[in-house]
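All values derive from a computational prediction rather than experimental measurement.
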Amino acid sequence: MANNEDLFKKITSHAKEYGFIFPSSEIYDGLGAVYDYAQNGVELKNNIKQYWWKSMTQMHDNIVGIDSAIFMHPKIWKASGHVDAFNDPLIDNKDSKKRYRADVLIEDYIAKLEDKVNKEVEKARKRFKDSFNEEQFLSTSQRVIEYNKEKEDVHNRYSKLMNDNDLAGLKSLIEELGIVCPISGTRNWTDVRQFNLMFSTKVGSVSDDSDVLYLRPETAQGIFVNYLNVQKTGRMKIPFGIAQIGKAFRNEIVARQFIFRMREFEQMEMEFFVRPTTEMKWFEYWKEERMNWHKSLGIPQEKYRFHDHEKLAHYANAATDIEFEFPFGFKELEGIHSRTDFDLKRHQEFSGKKIQYFDSETNESYTPYCVETSIGLDRTFLAIFSYAYKEEQLSDGSSRVVLNLPNILAPNKVSILPLVNKDGLPEKAHAIMDDVRKDFKAHYEEKDTIGKRYRRQDAIGTPFCVTVDNDTLKDNTVTIRSRSTMEQERIPIDNVKQYLRDNL
RNA sequence: GCGGAAGUAGCUCAUUUGGUAGAGCGAUAGCCUUCCAAGCUAUAGGUGGCGGGUUCGAGCCCCGUUUUCCGCUCCA
């Protein structure tokens with residue numbers, strides 16, 4: 001465990017030292033849970049995006065992509081359930097340090113009153129046996145009437161407070177009812193605070209409540225609200241999918257573990273629309289398809305596992321996560337959800353627009369069901385980066401740090417190096433560089449000894465180094481060195497690009 | 001949000017009871033080098049996280065604040 005913590009620290013500092021990820025606003029002491037992608041990081045990230053995008057839109061003839069705006073009509077988040085489902089009033093007990101939802105505490109209290117009523121009824125039922133009349137008992141028992149009155153009273157006040165968003169009122173109600181923490185048993189509560197999942201902002205130069213917009217907490221809704229447009233203009237036939245890559249924003253209570261949980265992050269989502277009753281078949285299909293995508297990056301199966309959800313979100317009828325074994329344990333990397341027709345139905349209801357599909361095969365109209373694949377781009381970055389990071393002990397007693405990135409994702413594909421910085425070698429190397437860069441992201445370096453330059457390229461994951469020496473000037477051959485094996489072979493300059501094409 | 005620990009050069013760390021801040025690595029420039037880090041020379045780089053207090057004098061003591069890490073908490 002301590003070893004893994006140590007490893008994770010090394011990985012995060014490597015990410016900074018070698019230009020992959022910087023803390024946001026670092027010269028101003030940083031901004032919590034926000035990170036910037038640096039010169040090498042942005043290349044790796046873009047390559048991951050492209051790899052995913054192609055696997056979706058190029059390798060499937062029934063998946064198209066869109067890029068919807070981050071700003072969307074505020075009603076969308078009402079329809080999706082985000083406004084109501086993620087506005088929790090939270091309260092902490094200072095003694096047990098436990099956090100509760102204030103509304104749940106009060107609801108529990110009301111439930112206890114209900115239990116008391118039920119107990120009274122049971123007691124009475126035993127006492128009166130066959131002559132027991134429940135209705136009569138409920139309306140005459142003094143105790144039951146009191147309990148019911150308090151229940152109703154508390155419920156009314158509580159509902160009003162929730163509707164008015166009166167946080168101070170919720171706290172005084174909790175105190176007045178004498179609600180104690182189940183753990184510590186004390187009434188030592190903090191103030192009630194509102195937890196808002198979504199960031200809000202205002203549109204227009206003059207602030208007004210009616211102009212509140214949310215920064216989207218997921219990209220999926222941009223797909224759902226464009227479903228009709230895409231289906232019609234693309235003449236899409238079910239089953240078909242819509243893919244999107246984009247930023248999303250969530251106000252996490254605790255955001256930690258580097259880029260694993262950030263307030264601003266990027267998702268790669270694909271919503272696949274299917275005929276109702278076929279959704280479980282497609283759910284299974286996408287589970288397998290997505291796992292294969294991960295494995296295609298050369299990371300072994302044992303680093304991944306499925307984790308099925310026991311408790312389903314309000315929109316889903318099946319859900320699983322693909323988890324990856326990060327240095328800090330198995331954590332969610334991608335979610336695959338069967339979202340039913342929840343989203344399209346809700347948007348039909350809230351927008352008043354008919355969102356239906358006429359299926360010419362079955363000759364009927366229906367609201368399509370939807371299977372979602374939703375992968376965290378930043379988490380994928382972290383998974384690939386941390387798996388690639390290796391400290392190696394070499395046979396000659398020295399060591400090296402190498403990023404064994406999948407070649408297709410590496411920021412630089414090749415580095416062109418003159419063996420020494422004289423004798424016309426730099427000129428020759430520049431000529432090769434100018435040719436290779438037309439087809440591959442290439443890098444040129446003439447400073448320091450060749451060994452140092454190799455190690456620097458190893459540290460940022462460059463798969464190949466091409467070295468120009470004196471023989472090159474005579475016979476137009478160069479050595480090409482592999483990052484993974486550190487072995488090199490001699491090939492004609494004319495074959496360099498073909499070699500790269502064959503080996504990347 | 002609570003509790004604990006920490007914050008000195010780009011990185012890793014020194015400065016042993018308060019007396020004007022150093023090293024290694026790295027970086028830059030040059031030299032030397034014909035294939036795998038740690039050869040030579042020179043140079044740059046710190047208002048000691050920030051603010052206040054005590055003191056003749058604070059990196060060191062006190063208070064506040066902020067950031068990071070660890071634990072708890074929360075999480076579609």
Can you tabulate the close N/O pairs, meaning under 3.5 Å, that link protein atoms to atoms of nucleotides 28-31 of chain B?
none

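Here B/rC11 is the nucleotide among B/rC35, B/rA37, B/rC11 with the atom lying nearest to any side-chain atom of A/K16. Closest contact between the side chain of A/S399 and the listed nucleotides B/rC75, B/rA37, B/rC35 involves B/rA37.
Counting only distance, with no hydrogens or angles, the side chain of A/R250 and the backbone of A/P217 share a donor-acceptor pair below 3.5 Å. In terms of modelled atom types and a separation under 3.5 Å, the side chain of A/R490 and the main chain of A/T477 share a donor-acceptor contact. No side-chain donor-acceptor contact under 3.5 Å links A/H337 to the backbone of A/R339.
How far CG of A/N495 is from CG of A/N476: 11.0 Å, rounded to the nearest 0.5 Å.
Pairing for B/rC56 is with B/rG19, a Watson-Crick or G-U wobble pair whose two hydrogen-bonding atom distances lie under 3.5 Å. Under the Watson-Crick or G-U wobble criterion, with both distances below 3.5 Å, B/rU47 has no partner in any strand shown. Nucleotide B/rG10: paired with B/rC25 (Watson-Crick or G-U wobble, both distances less than 3.5 Å).
Taking atom P on both nucleotides, B/rC63 is separated from B/rG3 by 15 Å, rounded to a whole Å. Comparing the C1' positions of B/rA58 and B/rC2 gives a spacing of 32 Å, expressed to the nearest Å. Between B/rA9 and B/rC25, the two C1' atoms lie 12 Å apart (nearest whole Å).
At most 12 heavy atoms of other shown residues, nucleotides or ligands fall within 6.0 angstrom of atom NZ in A/K112. At most 12 heavy atoms of other shown residues, nucleotides or ligands fall within 6.0 angstrom of atom OH in A/Y18.
No hydrogens or angles considered: a donor-acceptor pair under 3.5 Å links the side chains of A/Y37 and A/D378.
Within a heavy-atom distance below 4.0 Å of RNA chain B, the residues of residues 412-423 of chain A found are A/L419, A/V420, A/N421, A/K422.
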- For side-chain hydrogen bond (donor to acceptor under 3.5 Å, both in side chains), just list the numbers for A/E269 and A/S374, CA-CA rounded to whole Å, side-chain angles, deciding distance to a tenth of an Å, and then say yes or no. CA-CA 4 Å; A/E269 294 195 301; A/S374 172; 2.8 Å; yes
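Put simply, the side chain of A/R400 and the base of B/rC36 share no donor and acceptor less than 3.5 Å apart. The base of B/rC75 has none of its N or O atoms less than 3.5 Å from a complementary donor or acceptor on the side chain of A/R250.
Between A/D458 and A/E218, the residue anchored closer to the 5' end of RNA chain B is A/D458, taking for each the nucleotide with the nearest heavy atom.
Partner A/F240 forms a ring pair (Phe, Tyr, Trp, His ring centres under 6.0 Å) with one of A/F272, A/W282, A/F273 and no other, that one being A/F273.
For A/K452, a side-chain nitrogen or oxygen approaches OP1 or OP2 of B/rG26 to under 4.0 Å.
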